[in-house]
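See structure below.
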2 protein chains.
Amino acid sequence: MQATADDLFRALADPTRRAIFERLALEELPVHALTERAGVSQPAVSKHLRVLKQAGLVRDRRAGRQTHYSAQLGALAPLIDWTSQMAGFWQSRFDHLEDLLKRMDQ
Amino acid sequence: MQATADDLFRALADPTRRAIFERLALEELPVHALTERAGVSQPAVSKHLRVLKQAGLVRDRRAGRQTHYSAQLGALAPLIDWTSQMAGFWQSRFDHLEDLLKRMDQ
DNA sequence: CTCACTCATAACCAATGGGTTATCGTTTCT
DNA sequence: AGAAACGATAACCCATTGGTTATGAGTGAG
């Protein structure tokens, strides 16, 4: 199921969680690597990842005893839709970016 | 002071508050008009407006005993920047892949 | 086989936050 | 002047949530 703008805003509202997502936008990482930099405990990181996954923002890949997470940038589409709708005059400038993300979904 | 992406995400994470902002994006409205549709009490609406104003998302204009609020769409800029940056990260990952493929080409 | 590592879950706690009712200061209307 | 409308604030309540520690399940290494 497609995440709503509501899901995305809620998932990204927390700074710690958003920081995790930002890191995952750069590279796929296992939980312990994320924990090192997150400034919170490993269970806290796992909980954040759960929320991000629920929102469709990240994907997990089991590899032995590690779980690698990566960002699903295409999931940002509803956020872009919402913003575009709000700021109608920027619509044209956004269409390009939106297309890009949608085409690269998953 | 300029609101951060953090402020914006937090301000827009609540559905009721976001709905208020969406209405104000269409037209300037006094508090009581917003209250009619918000589904919550007038003080609740006032609190939401306070948060939105703090984030720079709305502007208020006193007129007699009414206070008219309107959306400041330009305040969404940091949100757009953030999203663009995320897309940019993705782009750079893609560039890396391209590099890799090119180097492997010969 | 045993020990260490990785991660998810459970149980719990404190802070935050969105809601309420009550009230007060302004402003408008009669 | 008195009453009613409007909106902000205060005081309070309860659900949510982000954090913790403890633990268990699964996997890799010695």
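Numbered from 1 within each chain, the chains take letters A, B, ... in sequence-line order. Remember, predicted model here, so these are calculated numbers, not experimental data.
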- Verdict with reasoning, Arg50(B) to Ser46(B), per side chain to side chain contact (heavy atoms under 4.5 Å, CB included): CA-CA 6 Å; Arg50(B) 185 171 179 75; Ser46(B) 277; over 6 Å; no
- Spacing of Arg10(A) atom CZ relative to dG18(D) atom C1', expressed in whole Å: 12 Å
- Item | side chain to side chain contact (heavy atoms under 4.5 Å, CB included) against Val40(B), all qualifying residues, sequence neighbours excluded | Thr16(B), Ala38(B), Ala44(B), Val45(B)
- Query: Looking at residues at least two apart in the chain, or sitting in another chain, which of them share a side-chain hydrogen bond (donor to acceptor under 3.5 Å, both in side chains) with Thr4(B)?
  - Reply: Asp7(B)
- Query: Given the rule that I, L, V, M, F, W and Y join up when any side-chain heavy atoms are under 4.5 Å apart, are Val51(B) and Leu8(B) in one cluster?
  - Reply: no
- Residue pairs passing the salt bridge (Lys or Arg N to Asp or Glu O under 4.0 Å) test where at least one lies in residues 51-60 of chain B, sequence neighbours excluded: Lys53(B)-Asp60(B)
- Message: Keeping Arg10(B) on the side-chain end and Pro15(A) on the backbone end, is there a donor-acceptor pair under 3.5 Å?
- Response: no
- Item | Pairing residues for Arg18(A) by the side chain to side chain contact (heavy atoms under 4.5 Å, CB included) criterion, not counting sequence neighbours | Leu12(A), Glu22(A), Asp6(B), Phe9(B), Trp82(B)
- Note on the structure: Expected list for residues 55-64 of chain A near DNA chain D, using heavy atoms below 4.0 Å, is Gly64(A)
- Closest-nucleotide ordering on DNA chain D, the 5'-leading residue of Thr67(B) and Val40(A): Thr67(B)
For a quick test of your reading: what N or O donor-acceptor pairs under 3.5 Å do the side chains of residues 28-36 of chain B make, sequence neighbours left out?
unit_1: Glu28(B); atom_1: OE1; unit_2: Arg61(B); atom_2: NH2; d: 2.6
unit_1: Glu28(B); atom_1: OE2; unit_2: Arg61(B); atom_2: NE; d: 3.0
unit_1: His32(B); atom_1: NE2; unit_2: Gln66(B); atom_2: OE1; d: 3.4
unit_1: Thr35(B); atom_1: OG1; unit_2: Val31(B); atom_2: O; d: 2.9

- Message: On the nucleotide dA8(D), are OP1 or OP2 found under 4.0 Å from the side-chain N or O atoms that Tyr69(B) carries?
- Response: yes
- By nearest-nucleotide position on DNA chain D, the 5'-leaning member of Arg65(A) and His48(A) is His48(A)
Protein-nucleotides 9-15 of chain D N/O pairs under 3.5 Å:
unit_1: dT9(D); atom_1: OP2; unit_2: Arg50(B); atom_2: NH1; d: 3.4

- Item | Residues within residues 14-37 of chain B bordering DNA chain D, heavy-atom distance below 4.0 Å | Pro30(B), Val31(B), His32(B)
- Query: What is the minimum heavy-atom distance between Ala3(A) and Ala55(A), and which atoms define it?
  - Reply: CB-O, 3.2 Å
- Item | First-last contacting nucleotides on DNA chain C - partner chain A, under 4.0 angstrom, heavy atom | dA4(C) to dT9(C)
- Item | Those residues that, when tested against Arg37(A), pass side chain to side chain contact (heavy atoms under 4.5 Å, CB included) (two or more places apart) | Arg23(A)
- Spacing between Gln66(A) atom CD and dG26(D) atom C1', to the nearest angstrom: 13 Å
- So do the side chains of Leu52(A) and Ile20(A) get within less than 4.5 Å of each other, counting heavy atoms only? yes
- Task: Begin with the C-alpha distance, continue with both residues' side-chain angles, and end with the deciding distance and a verdict on side chain to side chain contact (heavy atoms under 4.5 Å, CB included) for Thr83(A) and Thr83(B).
- Result: CA-CA 10 Å; Thr83(A) 311; Thr83(B) 310; 5.6 Å; no
- Task: Apply the test side chain to side chain contact (heavy atoms under 4.5 Å, CB included) to residues Leu57(A) and Gln72(A): give CA-CA distance (whole Å), side-chain angles for both, the deciding distance (0.1 Å), then the verdict.
- Result: CA-CA 5 Å; Leu57(A) 286 166; Gln72(A) 291 289 96; 5.8 Å; no
